[in-house]
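The structure appears below as structure tokens.
Worth saying up front: this structure is predicted, and the values here are computed from it rather than measured. Order of appearance sets the numbers: ligands from 1, and atoms from 1 within every ligand.
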Amino acid sequence: MKIQAAVATAPQTDLEIRELELDEPRPDEVTVRLVASGVCHTDAIVRDQWYPVPLPAVLGHEGSGVVEAVGADVTDLAVGDKVVLAPASCGVCEHCIAGHPQYCVDFSPLNFGGSRPDGARMFSEHGSPISSNFFGQSSFASVTNVRARNAVKVADDAPLELLGPLGCGIMTGSGSVLNVLRPGAGESIAVFGTGAVGLAGMLAAVASGATTIIMVDIVPSRLEFAKELGATHVVDSREVDPVEAIREITGGRGVQYALDTTGVPQVFAQMTKSLALRGHGVLVGAAKLGTEAPFDIGTLLTSGISISMVVEGDAVPREFIPKLIALHERGLFPFDRLVKRYPFAEINRAFADSESGETIKPVLVY
Ligand code: NAD
Ligand code: ZN
């Protein structure tokens, strides 16, 4: 079938919308007509080859759409179902069966390999293969094939155009808080970075009943917005030392929980030093392979803190995404406030506005 897709051709270069050929779905796949796709910071860093997905490639990994065809072995989805797409996982390794598919032993080849596991690419242009299956979906396309396993069915009246980012950025921030840190009512948390991931984490902390919610960033307008959405304190780390500021806000104790969404080594170090005794910090911000961060093992040895590296909020998408939708319906998780819509044709403007910080979560509408 002929489809339209945005093709990444080289680092730091605009994506090109081209007509490609999409192959038939395999027996375990469904064909999905995309309604919308979020743009995540990870799309930009893969275009720029921080992670070596072979180019040319169709990126995009926050898709939502409607099932248009189902493979012969698919029993749990039907034509016409509305779905949100999530990262791929094998479903049979020890981590998948233990309920942690984001640590699937094959996560990297399944999501970053540029093809199906057997090497077959879904997209081609005049017979030349184009990398596909990015995060198990390659959602910067009008139509794509995904394994049924990584499609999450949602209600027929769900606001599909809004829901794509639940498959990555929003799931990552909120899952890190709700599944990993688990702050309780009345507890404290600091979030470094007020992009889509950090703000989703913040909204989850608000929903959890945390009562000291400190947002740290270097962009004053983002901090103002965080306050509007429920931050109790904001810290501009260009103006003040965030470790001192967090200690002051918490009466010298430090925060019980923290989330670093920046991937900046100095910020990671700040996070470790902001934690209270036996506090728990999570890193989700991406850095280039080989990036090292300072960690004061002398001082921190006696702190009893835990640090976790977390992928995609350690979520089971078919369990977690419906929870986020339910919270959103009740007005307890207003992630729609982070979203700005763009026509698909303006994908490069969406990337630029995300990069400049003007838009928190761009969503392309097909
Ligand atoms: P974003 O660029 O919108 O947000 C990052 C924020 O960090 C910005 O507001 C920026 O101003 C702030 N920041 C940058 N340097 C800072 C500093 N020195 N001190 C304080 N704040 C600083 O990005 P996003 O979409 O929110 O994504 C955040 C990160 O999470 C990215 O690195 C992305 O690749 C990564 N990510 C990871 C996963 C995962 O599974 N671990 C999933 C999705 C995204
Ligand atoms: Zn992402």
message: Looking only at distances, can you tell me whether any N or O atom of V264, backbone or side chain, sits closer than 3.5 Å to an N or O atom of ligand 1?
response: no

Close approach of G285 to ligand 1, heavy atoms, under 4.0 angstrom: yes

- prompt: Which protein non-hydrogen atom lies closest to atom 7 (O) of ligand 1, naming both residue and atom, and how far is it?
  reply: G193 CA, 3.5 Å

message: For ligand 1, which is the ligand I care about here, please tell me if V267 has any N or O atom under 3.5 Å from one of the ligand's N or O atoms.
response: no

query: Applying a 4.0 Å heavy-atom criterion (strictly less than), which segment of V197 is in contact with ligand 1: side chain, backbone, both, or neither?
result: both

- prompt: Can you find an N/O atom of F192 closer than 3.5 Å to an N/O atom of ligand 1?
  reply: no

message: So for ligand 1, is V310 a polar contact partner (N or O within less than 3.5 Å, distance only)?
response: yes

message: A quick test of your reading: do over 12 heavy atoms of other residues, nucleotides or ligands sit less than 6.0 Å from CD of E94?
response: yes

- line: For atom 44 (C) of ligand 1, the closest protein heavy atom turns out to be T42 OG1, 3.6 Å

- request: Mark yes or no for whether S64, through its side chain, and L160, through its backbone, hold a donor-acceptor pair below 3.5 Å.
  value: yes

- prompt: What do you reckon, is NZ of K340 surrounded by more than 12 foreign heavy atoms closer than 6.0 Å?
  reply: yes

message: So, regarding E312 and ligand 1 (criterion: nitrogen or oxygen to nitrogen or oxygen, under 3.5 Å), is there a contact or not?
response: yes

statement: ligand 1 atoms nearer than 4.0 angstrom to some heavy atom of V284 are 30 (O), 35 (C), 36 (N), 37 (C), 38 (C), 39 (C), 41 (N)

message: Residue-level breakdown please: for K361 versus ligand 1, do any non-hydrogen atoms fall below 4.0 Å on the side chain, on the backbone, on both, or on neither?
response: neither

- line: For T261, the atoms of ligand 1 under 4.0 Å from one of its heavy atoms are 28 (C), 29 (C), 30 (O)

message: Atom CD of residue position E24 - does it have more than 12 heavy atoms of other residues, nucleotides or ligands inside 6.0 Å?
response: no

Lys/Arg N to Asp/Glu carboxylate O, D353 vs R349, below 4.0 Å: yes

Metal environment of the Zn ion (ligand 2), protein N/O/S under 2.8 Å: C40 SG, H61 NE2, C168 SG

query: Is there a heavy atom in G357 that sits closer than 4.0 Å to ligand 1?
result: no

message: Please confirm whether the ring centroid of H95 lies under 6.0 Å from the ring centroid of Y103.
response: no

field: E21 atom CD, neighbour heavy-atom count above 12 within 6.0 Å
entry: yes

query: Under 6.0 Å from the CD atom of E125, do we count more than 12 heavy atoms belonging to anything else shown?
result: yes

Heavy-atom proximity to atom 3 (O) of ligand 1, best of R222, E62, E355, H61: R222

query: Any idea which atoms of ligand 1 are less than 4.0 Å away from a heavy-atom of V219?
result: 11 (O)

query: What do the steps show when you test K273 against D241 for salt bridge (charged side-chain N to carboxylate O under 4.0 Å, His left out), and what is the final call?
result: CA-CA 11 Å; K273 291 177 182 162; D241 176 353; over 6 Å; no

